[in-house]
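Below, read A as the first sequence line, B as the second, and so on, with proteins coming before strands; counting in each chain starts at 1.
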Amino acid sequence: MSRFFATGSDSESEESSSAEEITPKATGTAFNKQNLLLSDDEEDTKRVVRSAKDKRFEELTNLIKTIRNAMKIRDMAKCLEEFEQLCRAFLKSKAIVDKEGVPPFYIRLLADLEDYLNQLWEDKEGKKKMNKNNAKALSSLRQKIRKYNRDFETEIANYKENPEQSAEEEEEKEEAESGSYSESEDDGEGVTAKSFMKKKPAAEPAPEASKFLKGAADDESESDDDDDDEIWGSDSTDSGSESEDNEGNAASLALAFLKKAQDGDRQADRKKEERKRRSKRKERAEEEAEEEGLEQEGGEWEKVKGGVPLVKEKPKMFAKGTEINIPVVVKKLNEILQARGKKGTDRAAQIELLHALAAISEENNLGQGIMVKIKFNIIASLYDYNPNLATFMKPDMWKKCLDCIDELLDILFENSNIFIGENIAEDSESLAVSDQPFRVRGCILTLVERMDEEFTKIMQNTDPHSQEYVDNLKDEGRVCNIIDRLLQYLENKGSTEEVCRVYLRRIMHTYYKFDYKTHRRCMGIQGESKSEQDQEESEGEDSAIIMDRLCKFIYAKDRTDRIRTCAILCHIYHHALHSRWYQARDLMLMSHLQDNIQHADPPVQILYNRTMVQLGICAFRQGMIKDAHNALLDIQSSGRAKELLGQGLLMRNMQERNAEQEKIEKRRQVPFHMHINLELLECVYLVSAMLLEIPYMAAHEFDARRRMISKQFHHQLRVGERQPLLGPPESMREHVVAASKAMKMGDWRTCHSFIINEKMNSKVWDLFPEAQRVREMLVRKIQEESLRTYLFTYSSVYDSISMETLAEMFQLELPTVHSIISKMIINEELMASLDQPTQTVVMHRTEPTSLQNMALQLAEKLGGLVENNERVFDLKQGVYGSYFNRDQKGGYQQKQGYQRDSDQRGGYQQRQGYQRDSDQRGGYQQRQGYQRDSDQRGGYQQRQGYQRDQKGGYQQKQGYRGGYRSQNQSSY
Amino acid sequence: MGLSGRVTLVTLQVVMKIIKHYQEEGQGSEVVQGVLLGLVVEDRLEITNCFPFPQHTEDDADFDEVQYQMEMMRSLRHVNIDHLHVGWYQSTFYGSFVSRALLDSQFSYQHAIEESVVLIYDPIKTAQGSLSLKAYRLTPKLMEICKEKDFSTEGLKKASVGYENMFEEVPIVIRNSHLINVLLWELEDKSTVADKHELLNLSSGSHLEKCLQMLMDRVDEMSQDIVKYNNYSRSLSKQQQQKHQYVQRRQQENAQRQSRGEPPLPEEDLTKLFKPPQAPPRMDSLLIAGQINTYCQTVKEFTSQNLGKLFMAEALQGQGS
């Protein structure tokens with residue numbers, strides 16, 4: 001930097017000596033073209049169009065050339081192929097053609113090709129000799145071109161009338177072409193030198209240029225090619241870093257054109273115009289080159305003598321004596337910017353140039369308007385420094401950018417009379433110091449957003465366990481600071497839309513941070529012992545209030561759905577993080593995000609997942625086990641929590657995800673400092689599942705249709721069971737599994753010691769801000785659920801049990817025990833009643849024993865079997881109607897429903913119920929008017945009898961079966 | 001053929017050997033098998049000796065069972081033991097033995113050696129105090145079917161084979177030499193009453209549960225089988241209908257053609273056009289039914305015995321109090 005500042009202020013000789021670059025890889029020194037930059041905007045815009053046109057035409061002519069070659073060697077296949085390509089290319093350039101008319105060379109080719117084909121077609125001999133492929137291609141090409149040429153009939157007719165002119169034109173064109181090609185091919189020197197000599201014999205740089213060309217032309221022929229393509233349009237305004245030989249080419253080419261332009265009277269207007277413009281420009285360039293030539297030469301010699309191998313490029317901003325004023329600076333700025341995004345532009349140099357320009361403008365007191373403009377551009381080119389959007393900026397670059405934004409904000413705050421906006425057109429800018437406020441084009445919000453994104457990218461790409469990460473993370477404060485300042489600025493000046501955007505940025509930097517200050521304040525502890533710094537910190541605004549303010553503004557004002565969605569999610573997250581469960585839950589329910597989140601883009605979905613998880617954890621902390629489980633179920637059951645939360649990629653085979661997708665997914669990752677601890681998440685989920693599932697399992701031990709509450713928990717249990725040797729638990733999961741086993745036996749003490757111990761504390765529970773409270777809640781829950789489990793499991797053993805004993809066993813207060821048992825009785829989970837005077841629970845002993853359960857299940861299964869059997873029978877009988885009818889509202893289903901609730905009522909009643917049920921069934925069938933003869937119905941009744949009296953009925957059933965069979969056989 | 005209705009004589013030695021074999025090698029639901037040796041005397045099949053099939057793992061695949069059997073029998077002949085192959089034995093787990101494997105191997109035995117029987121030894125029932133050893137043979141009808149490998153519905157119907165007449169049980173008589181009888185008498189004197197107490201075990205739950213469990217499994221299988229059959233018969237009837245329609249249409253068309261004086265359409269192969277769906281083999285369901293039947297018998301037997309015991313215990317208790 002200092003060097004550039006020096007350049008700006010130093011002596012002229014230094015200044016003039018620049019324009020010289022010796023890079024180690026370059027074959028020779030290169031002239032810096034910086035001093036040749038002079039095109040103005042107007043021309044620039046036009047050039048773009050021209051360049052597009054020329055590119056297209058170039059493509060066309062190239063194709064035409066190959067076709068002509070193919071024609072020469074009679075390669076019809078090739079011809080056809082190329083012709084197809086040509087048609088496509090022509091279609092592509094349709095827009096240009098519409099504007100400019102069909103290019104004559106195109107028509108020429110069409111006409112020639114048609115003639116040629118016809119000729120070939122006539123030549124029967126030749127056709128015979130042709131190989132199969134070629135003949136085929138010929139016929140299809142002939143058809144094609146016939147069809148195609150219909151569209152150009154008039155043009156072709158014109159051409160045929162006057163082939164001379166068109167040919168001439170074409171020739172011209174080709175010549176020009178070859179002129180431009182020749183540069184890249186071999187004789188760079190000759191052409192340049194000659195042309196130079198012709199026009200400007202005294203041009204100083206010429207010999208040197210040619211000398212360098214000689215060296216460079218070979219090495220860089222490739223880049224030359226590129227440049228030749230561009231030469232029509234781009235050329236002389238190329239950046240300083242571009243090598244000299246290009247310039248030489250450009251110049252010489254221009255000269256060649258000039259020469260031609262003089263005698264090219266018959267040329268099309270279009271071309272003339274083009275060339276004129278070019279020549280004008282070239283002339284100007286030449287002049288300037290000339291102007292500086294002397295100085296350059298001097299500088300050059302000096303350098304060589306000095307023998308310095310590496311001379312850094314030193315931009316010479318302005319010619320000596322130029323009065324530096326705003327238009328000049330703006331012009332210069334534009335010059336520099338034009339090089340932006342071009343191939344071969346040295347981006348670092350560009351940034352430095354801009355810095356130098358800033359320094360100059362500051363030095364000359366050009367006012368803040370221009371400063372702001374330059375700053376904008378510096379930041380933009382800093383972003384440009386990295387061409388690949390996917391990779392991250394270098395941290396030092398990013399820090400520079402941070403500085404710049406800071407400075408920019410400084411300026412903006414100091415000068416309230418600067419208006420900036422994206423929608424201010426370049427030409428309506430007012431940069432001059434005057435009474436009017438400055439108007440500068442540019443959007444600081446976008447810059448800050450980009451900066452923030454780059455910050456995220458840097459964090460994503462830094463190893464989270466390194467010191468570097470910590471260092472980088474320290475910059476987050478600055479980022480927040482900048483966002484805060486921007487927020488202030490935009491609150492005063494920006495539109496609501498912009499305010500929403502910057503608010504969201506602010507929210508994004510706030511929502512995941514736990515507000516320890518407020519937490520401490522709320523807890524009301526260690527109020528005095530705080531150090532000064534702490535006190536200072538705690539005076540800052542409560543983050544909850546900030547979040548509330550910002551989010552509410554967004555809810556009210558935002559019109560894009562995405563910002564609002566994000567804001568809501570962040571708000572919920574923040575609430576959940578700070579244990580404001582009800583607010584969080586209500587907000588989640590009110591937003592109806594669950595319904596349509598799957599339509600959101602992946603980052604928002606990740607945010608949603610994070611929010612849900614945080615919500616679940618919050619519910620857990622509050623002791624809402626069921627809510628916690630439900631919130632976490634979706635994330636945990638997939639087994640891809642890591643991926644869903646954007647905290648890492650799962651190893652998968654490459655078929656599912658190619659490299660491209662992987663990159664995209666990597667970009668979505670949440671930076672490490674925002675991660676939710678996955679082990680904590682899993683532990684919370686498993687513990688909630690345990691608290692729900694174990695009593696449920698105990699209550700429904702014999703239920704055949706028992707459903708799992710949590711598949712994952714069962715999976716863990718199974719894994720635990722499969723272990724051949726069960727040691728003391730090590731991991732978090734093993735702890736939970738061991739605890740579950742203890743709980744199954746109603747042993748709450750063991751369960752407690754497995755869930756809450758040193759290991760688990762350090763692994764999980766201490767991660768909560770209110771660890772002690774959570775642990776207390778957990779103990780309580782474990783006691784309660786163990787009590788329930790105990791009652792479910794062992795109620796059949798007891799006739800009655802004193803509540804006091806239970807209270808003592810589970811270390812719960814009597815009223816709690818009372819309420820739990822009452823709840824169980826009310827829910828018909830426990831068949832018992834409370835004996836008030838003695839404070840005992842009297843069991844009704846109606847739970848079926850396991851054998852009874854088994855028998856019931858068997859009976860049910862047999863019912864199904866009979867049902868199925870009857871279907872077979874029906875089919876044999878061909879009674880379709882009744883069969884389907886019965887299927888719909890069949891007794892079996894009724895029975896199922898019946899059994900489900902009777903299950904809870906106890907075995908004896910159940911058996912009764914079953915009987916009743918089978919009666920119903922029989923009755924039902926009778927009602928259905930199912931036509932059977934008496935024999936069969938007898939069979940049914942026998943079956944009922946079986947159910948009424950299992951032992952006796954067994955043989956009867958056999959009889960029924962026999963009867964059934966005989967009936968079956970006799971009915972054939 | 002003429003063997004049905006005959007008595008099988010088994011010596012105590014064989015029984016002991018089978019029990020010993022199970023005790024040593026069988027665990028839980030694992031099954032042990034072995035070869036029975038003996039001879040046919042008049043209308044009796046006398047089983048006088050046996051030897052187990054060795055347990056061998058998958059590793060020694062080159063182990064030749066047939067070779068082993070031949071070797072074994074040759075060696076036994078050298079020591080002057082009956083060496084005629086008259087069947088095989090198998091242990092069972094809660095009476096689950098009616099399976100395809102048993103059917104197949106018994107078929108091949110009976111096919112090769114006409115008088116072969118299979119002895120089924122139930123260790124669990126034996127442990128409860130009453131020796132359970134049963135001899136089974138395939139009925140001639142089943143033999144026919146197996147020979148023809150026709151397990152379709154029609155085949156079974158034609159042969160009128162039901163689950164109850166798949167196997168025939170051959171009564172067993174355990175006969176010993178006098179010397180052994182004397183020994184037994186002596187032993188009986190020496191044994192204490194306590195040794196026979198298993199017979200009086202009142203607990204029934206676990207055994208019944210187990211039986212029910214297995215019964216349920218079979219019933220499930222049966223249900224599935226029926227559903228399969230049901231699907232089959234439905235698709236069959238649907239196809240029949242289609243076929244019928246097709247034939248009718250064809251006839252109509254031909255009639256029209258005839259009226260127009262055109263030649264009738266050629267007859268196409270209907271079986272090709274309507275491939276009948278694959279009929280599910282009925283043998284499995286037959287076997288399952290047989291198995292269910294066995295389970296039921298077991299449960300019935302067990303419960304009736306237990307009921308008796310319970311009544312006895314009640315009476316005893318009444319006396320005691």
Residues, nucleotides or ligands: over 12 heavy atoms within 6.0 Å of Q723(A) CD: yes

Within 6.0 Å of CE in M745(A), more than 12 heavy atoms from elsewhere: no

Winner by heavy-atom pair count (cut-off under 4.5 Å) against chain A, out of D220(B), L215(B), V227(B): D220(B)

Nearest atoms (heavy-atom pairs only) where N230(B) meets N868(A): ND2-O, 4.4 Å

Roughly how far, to the nearest 0.5 Å, is [atom2] of [Y] from [atom1] of [X]?
X       : Y       : atom1 : atom2 : answer
L858(A) : R218(B) : CG    : CZ    : 12.5 Å
L212(B) : N853(A) : CG    : CG    : 11.0 Å
M854(A) : E209(B) : CE    : CD    : 4.5 Å
S223(B) : L862(A) : OG    : CG    : 8.0 Å

Side chain to side chain contact (heavy atoms under 4.5 Å, CB included) involving T139(B) - partner list, sequence neighbours excluded: K141(B), L142(B), E168(B)

